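A note on names: the letters A, B, ... follow the listed sequences, proteins ahead of strands, and every chain is numbered from 1. Bear in mind that the values here come from a model prediction, so they are computed numbers and not experimental data.
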There are 2 protein chains.
Amino acid sequence: MELDQIIDNIYPLTTKSKDLIKASIIEVKFSKGHILFKANKIEKSIYFIKKGIARAYAYSDDNQITFWFGKEGDPIVSMQSYVNNQKGYEDVELLEDCELYELKMEQLQKLFLEDIHIANWGRKFAELEIIKSEKRLISLQFENATQRYLALLNNYPSLLQRVQLSHIASYLGITQISLSRIRANVK
Amino acid sequence: MELDQIIDNIYPLTTKSKDLIKASIIEVKFSKGHILFKANKIEKSIYFIKKGIARAYAYSDDNQITFWFGKEGDPIVSMQSYVNNQKGYEDVELLEDCELYELKMEQLQKLFLEDIHIANWGRKFAELEIIKSEKRLISLQFENATQRYLALLNNYPSLLQRVQLSHIASYLGITQISLSRIRANVK
DNA sequence: TAGCGTTTTTATCATTTGTTAAATGGTTTC
DNA sequence: GAAACCATTTAACAAATGATAAAAACGCTA
């Protein structure tokens, strides 16, 4: 997905303000398997996915638990770093060769204080992340694993072709064996 | 909790900007049991709790499932209304006699476009809500019911004295009977 | 395409959680 | 203070999920 579209989908900006953001963005490429964010580290950038797919995970005992998937157009953010300038608790792994837009937080924070339109863009960016997070919360609390599985496929139609089932199972909060049983029943 | 402290805890403002926000806020009182937000309605205000405690719930089949508790200092927001001007899916019930600060969204939205400090205050407000939401997500996905129960009591020490166990059980994503079993083991 | 390593499914059994019903404990009201 | 009501706990059984191990399917490489 192209940069202009990603920025405008969050909050429409004048050309002038958009150019200020774009001047702080560079395009970067990484290979499949690259670890973009490391847990217990303060991240200095946020990213937007131009092409590819990624996941965030953390460890519970020795198990990796995936709690986020990102696809084209989605932001990749360590919220603890972005909001509080503190260490994050997640690794982010790229699941395919990826093209990303990188935005340095320091420059963005400066723009927030200088340009009211960009401040409102940043406000809207955060608000949209709340909505995503709230939807996920409600899905975890109100739906059973089968419903969550079907909803996930609905949101990310190509996910099954791009991500291994063990990651999907941990995202759903169940074991891979339970996911197999669900798939056997749903088919 | 007093209004100045609530506003400043989100993001420190100059007196001038803070007065603009405060000019849009009125104090209101409601009795225990009052339904502040109704599901499937576009809410026009957000609130901050000066005194009291509240919960948000939605229905799954015929069961009320509580998914949020708010106490002194917390905001009460229907995010779907606040962010997208769309109908919310939750009721909010006051669990005690409450004193609230009411802030009309329409006036706040106007201030966002006129005052860059208030725009950044609104940005920070949303960002802090993301952090809360993310913590809750991680607790739901990474911790078992016993751990979540203990963490909830830790965050809201007086909750047990103020809220009935059936609400706590549904918040934890378990039945009230399971919660009884947990409490029998933890004691 | 044969072989090897990885991913996914299946089977079995143990554990946890849910369901239903009944018992206990507390509070309010007349 | 007895009756009625509500919240909470306990008990017994059913259903769902987890753990472990093994088999099957898949994908890559030589």
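Residue Arg181(A) has no polar side-chain atom (N or O) positioned under 4.0 Å from OP1 or OP2 of dA16(D). Proximity of Thr175(B) to the phosphate of dG18(C): a side-chain N or O atom is located under 4.0 Å from OP1 or OP2. Regarding contacts with the backbone of dT17(C), every side-chain N or O of Ser178(B) stays at 4.0 angstrom or more from both OP1 and OP2.
Summarising the geometry, the separation between CG on Leu165(B) and C1' on dT9(D) is reported as 10 Å, rounded to the nearest angstrom. Arg148(B) places its CZ atom 15 Å from the P atom of dT16(C), with the value rounded to the nearest Å. Remark: C1' of dT9(C) and CD1 of Ile174(A) are 14 Å apart, rounded to the nearest angstrom. The nearest whole Å value for the distance from the CD atom in Gln176(A) to the C1' atom in dT7(C) is 7 Å. In this structure, Glu143(B) places its CD atom 18 Å from C1' of dT16(C), rounding to the nearest Å. Rounded to whole Å, the distance from CG on Asn144(A) to P on dT16(C) is 22 Å. Atom CG of Leu160(A) is separated from atom P of dA25(D) by 19 Å (rounded to the nearest Å). Rounded to whole angstrom, the span from the CD1 atom of Ile168(B) across to the P atom of dT8(D) amounts to 8 Å.
The Ile177(B) side chain lies nearest to dT20(C) when the options are dT9(C), dG18(C), dT20(C). Candidate nucleotides dT9(C), dT7(C), dT8(D) were compared by shortest atom distance to the side chain of Gln164(B), and dT8(D) ranks first.
Counting heavy atoms of neighbouring residues, nucleotides and ligands inside a 6.0 Å radius, atom NZ of Lys132(A) exceeds 12 of them. Annotation: Lys51(B), atom NZ; neighbour count of heavy atoms from other residues, nucleotides and ligands within 6.0 Å does not exceed 12. Atom NZ of Lys135(B) is surrounded by 12 or fewer heavy atoms from other residues, nucleotides or ligands within 6.0 Å.
A side-chain contact (heavy atoms from CB on, under 4.5 Å) with Thr66(B) holds for exactly one of Glu90(B), Glu93(B), His167(B); it is His167(B).
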